[in-house]
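Excluded from the calculations below are hydrogen atoms, water molecules and symmetry mates; all remaining heavy atoms, backbone and side chain alike, are included.
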Amino acid sequence: MPHFSIEYSANLDDDLDMTAFCDCLRRAGIETGVFPLAGIRVRALRCDSYSIADGDPHHGFIDISVRLGRGRSDEVKKSATEHIFAAARGFLAPVLEKRPIGLSLEMREIDPDLSPKHNTIRDHLGPGS
């Protein structure tokens, strides 16, 4: 863990390289030192149907959800949230300057009893991963 899910309005496609944004968030997650490398997943889901504020079709949104396993203090989670959000704002700065976008991020813990997992990625990363 963690899993980053990005929901975004389809009207941002021409202004934003979403693959590069996903990679930016992946790197930010690594930089926190909080998350195991093999557990980081970042994915983006384009939303074709949405309505924002006054209905102006130029408005956009990006909602980042970070789900992670238990075991980190509130202070550590807050610091990681701040670092990831700052990375997102930095990457998005050129787009945020030219058009109205609602940007949000939420980090939440997953109940381990209700979230079975199987991961063989570590088997392929090599020693120390």
query = Ignoring hydrogens and geometry, is there a side-chain-to-backbone donor-acceptor pair from Asn11 to His59 under 3.5 Å?
reply = yes

note = Rounded to the nearest 0.5 angstrom, the OH-CD1 distance for Tyr8 and Ile101 is 12.5 Å

ask   = For Val76, does its backbone N or O pair with a side-chain atom of Ser73 as donor and acceptor, under 3.5 Å?
value = yes

message = Show the nearest heavy-atom pair for residues Gly90 and Pro94, with the distance to one decimal.
response = O-CD, 4.3 Å

key: Shortest non-hydrogen separation from Pro100 to His58 and the atoms involved   = CD-CD2, 3.4 Å

message = I'd like to check Pro2 versus Arg67 (side-chain heavy atoms, cut-off strictly below 4.5 Å). Are they in contact?
response = no

ask   = If you count the non-hydrogen atoms of other residues, nucleotides and ligands that lie under 6.0 Å from CG in Asp54, is the total more than 12?
value = yes

Could you tabulate the donor-acceptor pairs under 3.5 Å formed by side-chain atoms of residues 33-43, not counting sequence neighbours?
| unit_1 | atom_1 | unit_2 | atom_2 | d |
| --- | --- | --- | --- | --- |
| Arg41 | NH1 | Ala38 | O | 2.9 |
| Arg41 | NH1 | Gly39 | O | 3.0 |
| Arg43 | NH1 | His3 | ND1 | 3.3 |
| Arg43 | NH2 | His3 | ND1 | 3.1 |

inquiry  = Please say yes or no: joined through hydrophobic side-chain contacts below 4.5 Å, possibly via intermediate residues, are Leu92 and Ile52 part of one cluster?
reply    = no

message = If you define the side chain from C-beta out and look only at heavy atoms, does anything of Val66 sit under 4.5 Å from Thr81?
response = no

query = Under the 3.5 angstrom rule, does the side chain of Thr32 hit a backbone N or O of Gly29 as a donor-acceptor pair?
reply = yes

task = Please check if atom CZ in Arg99 has more than 12 non-hydrogen atoms from other residues, nucleotides or ligands closer than 6.0 Å.
result = yes

query = Thinking salt bridges, do Glu75 and Lys77 make one under a 4.0 Å N-O criterion?
reply = no

query = Among the clusters formed by ILVMFWY side chains lying less than 4.5 Å apart, do Phe61 and Leu96 turn up in the same one?
reply = no

remark   = Contacts satisfying salt bridge (charged side-chain N to carboxylate O under 4.0 Å, His left out) that involve residues 20-30 (not counting sequence neighbours) are Asp23-Arg26, Asp23-Arg27

query = In terms of hydrophobic clustering (I, L, V, M, F, W, Y; side-chain heavy atoms under 4.5 Å; direct or indirect links), are Met18 and Phe85 co-clustered?
reply = yes

Straight-line distance of Ser5 OG to Asp63 CG, nearest 0.5 Å = 9.5 Å

key: Considering all heavy atoms, the nearest Ser9-Gly60 contact   = OG-CA, 3.1 Å

ask   = To the nearest 0.5 Å, what is the distance between CZ (Arg70) and OG (Ser115)?
value = 10.5 Å

ask   = In Å and rounded to the nearest 0.5 Å, what is the CD1 to CD1 distance from Ile62 to Ile64?
value = 7.0 Å

task = For the pair Phe21 and Val95, evaluate side chain to side chain contact (heavy atoms under 4.5 Å, CB included) and give the outcome as yes or no after the intermediate values.
result = CA-CA 12 Å; Phe21 185 55; Val95 182; over 6 Å; no

query = What is the distance from atom CD1 of Ile84 to atom CZ of Phe4, rounded to the nearest 0.5 Å?
reply = 4.0 Å

ask   = If you measure from the Lys or Arg side-chain nitrogens to the Asp or Glu carboxylate oxygens, is any gap between Glu7 and Arg46 under 4.0 Å?
value = no

task = With rounding to the nearest 0.5 Å, note down the distance linking CG in Leu25 to CD1 in Ile6.
result = 4.5 Å

ask   = Met107 and Ile30: same hydrophobic cluster, using ILVMFWY side-chain contacts below 4.5 Å?
value = yes

